[in-house]
Amino acid sequence: MLTENEVSRSWSKIFGGGSIDSTSIDRAEQLLDGLRPESPLRHRLTVELEELRKIHSKQLSMASQDS
């Protein structure tokens with residue numbers, strides 16, 4: 001099990017470049033699974049991941065409209 005500090009660093013590496021893709025989302029979900037259910041960090045990152053999913057969905061939608 002990873003520490004909250006390790007999860008936080010890994011999260012920053014995954015999304016630090018500003019790129020959101022399905023691989024990044026999958027990796028983020030795996031990180032969240034490594035945290036305790038009652039962890040405040042898990043709650044915060046879960047909310048953030050939902051927002052990132054919405055952004056990713058909008059990007060996919062816009063890309064398909066451009067095609």
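Because the structure is a prediction, the values reported are computed rather than measured.
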Under the criterion side-chain contact (heavy atoms from CB on, under 4.5 Å), I'd like the reasoning laid out for E6 against R9: C-alpha separation, chi angles, the key distance, then a yes or no.
CA-CA 5 Å; E6 291 169 326; R9 276 195 306 256; 3.5 Å; yes
Check the pair L41, L35 against side-chain contact (heavy atoms from CB on, under 4.5 Å), reporting the backbone distance first and the verdict last.
CA-CA 8 Å; L41 180 62; L35 290 171; 4.2 Å; yes
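Salt-bridge formation is detected for the pair R44/E48: a Lys NZ or Arg NE/NH1/NH2 atom is positioned less than 4.0 Å from an Asp or Glu carboxylate oxygen.
Put simply, the side chain of L45 does not reach to within 4.5 Å of the side chain of L31, judged on heavy atoms. Put simply, the side chain of R42 does not reach to within 4.5 Å of the side chain of E4, judged on heavy atoms.
Hydrophobic cluster membership differs between M62 and I25, with clusters built from Ile, Leu, Val, Met, Phe, Trp and Tyr side chains linked at under 4.5 angstrom. Criterion: ILVMFWY side-chain heavy atoms under 4.5 Å apart, direct or through other members. Under it, I14 and V47 are not part of a common hydrophobic cluster. Hydrophobic clustering keeps L60 apart from F15 (ILVMFWY residues linked when any side-chain heavy atoms are closer than 4.5 Å, directly or through intermediates).
The two residues S24 and S19 make their nearest non-hydrogen contact at OG-O, 4.0 Å. Q59 and I20 get closest at one heavy-atom pair: OE1-O, 3.7 Å.
Distance check: E51 CD to H56 NE2 gives 15.5 Å after rounding to the nearest 0.5 Å.
Judged by distance alone, the side chains of T23 and D26 never bring a donor and an acceptor atom under 3.5 Å apart.
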